[in-house]
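Right, one structure below, let's go through it.
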Amino acid sequence: MKKFPGSKGLVFNEDLLINQSSKGLSGISMPSNNLSGAHISKTAKDYIDAKFLRNEKSSPLLLPEVSESTAVRHFTRLSSWNICVDTAFYPLGSCTMKYNPKINETIASLNNIRNLHPMLPAGYIQPILKIIYEFNRLLCGLTGLDEFTFNPQAGAAGEFTGMKIIKKYFEVKNEKRNIVLIPDSSHGTNPASSYIAGFTPVEIKTFFADKPADIKNKSKGYIDINELKKYINKDVAAIMITNPNTFGLFEKNIREAAELMHKNGSLVYMDGANFNAFIGNCRVSDFGVDILHLNLHKTFSTPHGGGGPGSGPVGVKDFLKEFLPVPYISADRQAANKKQAANDEQGYYYELKNKREYSIGRISSFYGNFAVILRAYSYLLSLGRQNISKISEIAILNANYMKKKLKDTFIESDPFPEELCMHECVLNDNVFQSEGISTLDFAKSIIDYGFHPPTIYFPKNIHGAIMIEPTETESIKTMDSFIDAMKEIKKKGNKYGSKSPKNTKTGRVNEVLANKNPIFK
Ligand SMILES: *Cc1c(COP(=O)(O)O)cnc(C)c1O
């Protein structure tokens, strides 16, 4: 019998912390207050207007009172109920759940970094500003763009920032353009971000299958240039292209699409969240991109951390620099002379600047998530110049390895059987359906084998989609084990699938109910 990691084991039960509370218990012992003086004997009540104070009797504070060991065990046990990149293979498509190197954590927890305060004046934090400045230069080198901002704290926030920049750009040019073209191969956040920034998103079809059965014959998956031409007019501000797209394919028509847009006076935005598919091997400026976001919490190995904190830096071509958000970091030799503070080998003095001619303003507090930027910088430096291109080479190799290995059993599920994929491969549910297994059943079943499920039901235009991204940090052994599990689930059929997961602490939950009727206690 094949051996899978599996998920049977010691699972502790854990009551709510509030139910473990005993009055008077505490995790810390404060020293007794033996100071004297009028201002010390005062409490918060003496300073805050009575109308803002909580009434101790009518609304007592419902905080658990527990010992330190109870608190530590509680949160450690809770953390063991979940799957994470440090415990299991996590092939969540379009998310790049790759391994987070521990060297990044070591660097980020250095004493003089951990204790930084964001309000420290520039003179005290020259090395910190220098790290951000140099990382900016590295990203410019890798993308061919001219400047990045690190203010956006997620990929979607980067998209929003990019759209605001495009909006402002046309305002300054005094052109009224309100449409952003978005191929249906784009990430779901693209139409949302453009809409919130005040544009009207217009969908361009790349995928012409009517029924799942037609997919094999009719699939395209790329921007159809003739189709695109129908939508180009003077109202179009930009096109937003996800590349690699959500079918896991390299958008091979991006340059031609970009030329058409530029001829029309429109801009080209690229969603580069999954830059691990090309980093070190091609530069987006070479395919006509004016503005781009990257996800440090994907390509650059920083943790996703349950939805944050992340970082979605936005890079632009020269002509858009003055539109970037503030603050930004300047490196100046003259300032260094004036302040006699050139402690930098290049003679630079680094400063946070708040003025840019057409800046869209602030989009986050301070300067984004510095600890995330630092981890990403550490990742690049620890790889070194000669290894960076291996990120994308192995990401693509791994995804194609899985695609190829799944072919014998799942060929009928591959919408793009003739194509090489990029960092991820996408299947539809044809094969599982023939065994009476839904995509959801499959996703729940694979948990019992000790794996996190792939992304499911996205992209929407692939019927019952299963999107697998092994990432560049997984071994052949792990991928083989996952492939065997997929095949075994198919073999076991509906009876197993519809009842899974069986080995987890909690079985199949009604996810809709939990959303509609959340119970917080
Ligand atoms: C993940 C992802 C996003 C959104 O990034 P967040 O950090 O989750 O906001 C956008 N586009 C693509 C292609 C992605 O994979």
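In each ligand, atom 1 is the first atom listed, and ligand 1 is the first ligand listed. Computed over heavy atoms, backbone and side chain alike; hydrogens, waters and symmetry mates excluded.
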Taking heavy atoms and a distance under 4.0 Å, where does T96 meet ligand 1: side chain, backbone, both or neither? neither

Is the distance between the ring centroids of F458 and H187 under 6.0 Å? yes

With a cut-off of 4.0 Å, which atoms of ligand 1 are near a heavy atom of T242? 13 (C)

Taking atom types as modelled, find out whether D429 and H463 have a side-chain donor-acceptor pair closer than 3.5 angstrom. yes

Taking the side chain as every heavy atom from C-beta outward, state whether M97 and C84 have any pair of such atoms under 4.5 Å apart. no

Which of the numbered atoms in ligand 1 are below 4.0 angstrom from a heavy atom of A154? 7 (O), 9 (O)

What do you reckon, does K298 have a nitrogen or oxygen under 3.5 Å from a nitrogen or oxygen of ligand 1? yes

Does S94 reach ligand 1 with a nitrogen or oxygen that is under 3.5 Å from one of the ligand's nitrogen or oxygen atoms? yes

In terms of side-chain heavy atoms, does E474 have a donor or acceptor partner in Y401 at a distance below 3.5 Å? no

After noting the C-alpha distance and the side-chain angles of D414 and K407, does the key distance pass the salt bridge (Lys or Arg N to Asp or Glu O under 4.0 Å) rule? CA-CA 8 Å; D414 189 345; K407 238 178 189 161; 5.0 Å; no

Which residue and non-hydrogen atom of the protein lie closest to atom 5 (O) of ligand 1, and at what distance in Å? N295 ND2, 3.1 Å

Below 3.5 Å, N or O to N or O, backbone or side chain included: is there any such pair between N190 and ligand 1? no

For atom 8 (O) of ligand 1, find the nearest protein heavy atom and state the residue, atom name and distance (0.1 Å precision). H297 NE2, 4.5 Å

Minimum-distance protein heavy atom relative to atom 10 (C) of ligand 1: E159 OE2, 3.2 Å

Heavy-atom contact under 4.0 Å between H304 and ligand 1? no

Show your working on salt bridge (Lys or Arg N to Asp or Glu O under 4.0 Å) between K487 and D484 and close with a plain yes or no. CA-CA 5 Å; K487 292 181 179 173; D484 289 341; 5.5 Å; no

Relative to F199, does K167 satisfy both conditions: NZ or CZ under 6.0 angstrom from the six-membered ring centre, and within 45 degrees of the ring's axis? yes

What part of A273, side chain, backbone, both or neither, has a heavy atom within less than 4.0 angstrom of ligand 1? side chain

Looking at the rings of Y358 and Y169, which for Trp means the six-membered one, are their centres under 6.0 Å apart? no

Relative to Y222, does K252 satisfy both conditions: NZ or CZ under 6.0 angstrom from the six-membered ring centre, and within 45 degrees of the ring's axis? yes

The protein heavy atom nearest to atom 9 (O) of ligand 1 is A156 N, 2.8 Å

Which residue owns the protein heavy atom closest to atom 6 (P) of ligand 1, what's the atom, and how far is it? G155 N, 3.4 Å

Which residue in the set T96, N100, N104 passes side chain to side chain donor-acceptor pair (under 3.5 Å) when paired with S301? N104

Examine the proximity of ligand 1 to N274 and report which part, side chain or backbone, both or neither, has a heavy atom under 4.0 Å away. side chain

Any idea which protein heavy atom is nearest atom 11 (N) of ligand 1, and the distance to it? D271 OD2, 2.5 Å

Atoms of ligand 1, numbered as shown, that sit under 4.0 Å from any heavy atom of T189: 10 (C), 11 (N)

